[in-house]
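The block underneath contains the structure these notes are about, expressed in structure tokens.
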Amino acid sequence: MFERGILGGELTKDLDVAIVKATNHVECPPKERHLRKILIATSAIRPRADVACIRALSRRFTKTHNWTVCLDLFFL
């Protein structure tokens with residue numbers, strides 16, 4: 001889902017799963033544990049991780065047709 005050159009494969013997978021779980025179709029704010037995983041994955045010690053996160057959020061935004069997912073994406 002991410003470019004493998006930007007981040008390691010396992011970290012990329014974890015970040016993608018956290019984004020999907022944080023932006024589910026339920027009408028409630030994202031859970032704190034999923035937000036924490038995203039913030040940890042995009043910390044300053046991992047260069048270019050923020051770019052991968054922005055790409056993943058953008059891809060999730062363009063593929064959805066659900067208003068609750070869009071709203072959750074804006075929370076992030």
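For the single chain, residues carry numbers from 1 onward in sequence order. Below, all heavy atoms of this structure are taken into account, side chains as well, without hydrogens, waters or symmetry copies.
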Just by distance, with hydrogens left out, do N66 and T68 show a side-chain donor and acceptor under 3.5 Å apart?
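A pair is found: one side chain offers a donor N or O, the other an acceptor, under 3.5 Å apart.
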
Check V20 against R60 and note the closest heavy-atom contact, atom names and distance.
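For V20 versus R60, the nearest heavy atoms are O-NH2, 3.9 Å.
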
Would you compute the distance between atom CG of N24 and atom NE2 of H34 and round it to the nearest 0.5 angstrom?
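Nearest 0.5 Å value for the CG-NE2 distance: 7.5 Å.
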
Say you draw a straight line from CG of L15 to SG of C53; how long is it, rounded to the nearest 0.5 Å?
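Result: 5.0 Å between the selected atoms.
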
Measure the shortest side-chain to side-chain distance between R33 and K37 over non-hydrogen atoms and say whether it is less than 4.5 angstrom.
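Not in contact.
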
Should H25 and W67 count as side-chain neighbours, where that means a heavy-atom distance under 4.5 Å?
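H25 does not reach W67 side chain to side chain.
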
Keeping T23 on the side-chain end and I19 on the backbone end, is there a donor-acceptor pair under 3.5 Å?
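Checking the backbone N and O of I19 against the side chain of T23, a donor-acceptor pair under 3.5 Å is found.
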
Donor-acceptor contact present, side-chain T64 to main-chain F61, <3.5 Å:
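No, T64 side chain to F61 backbone: no donor-acceptor pair under 3.5 Å.
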
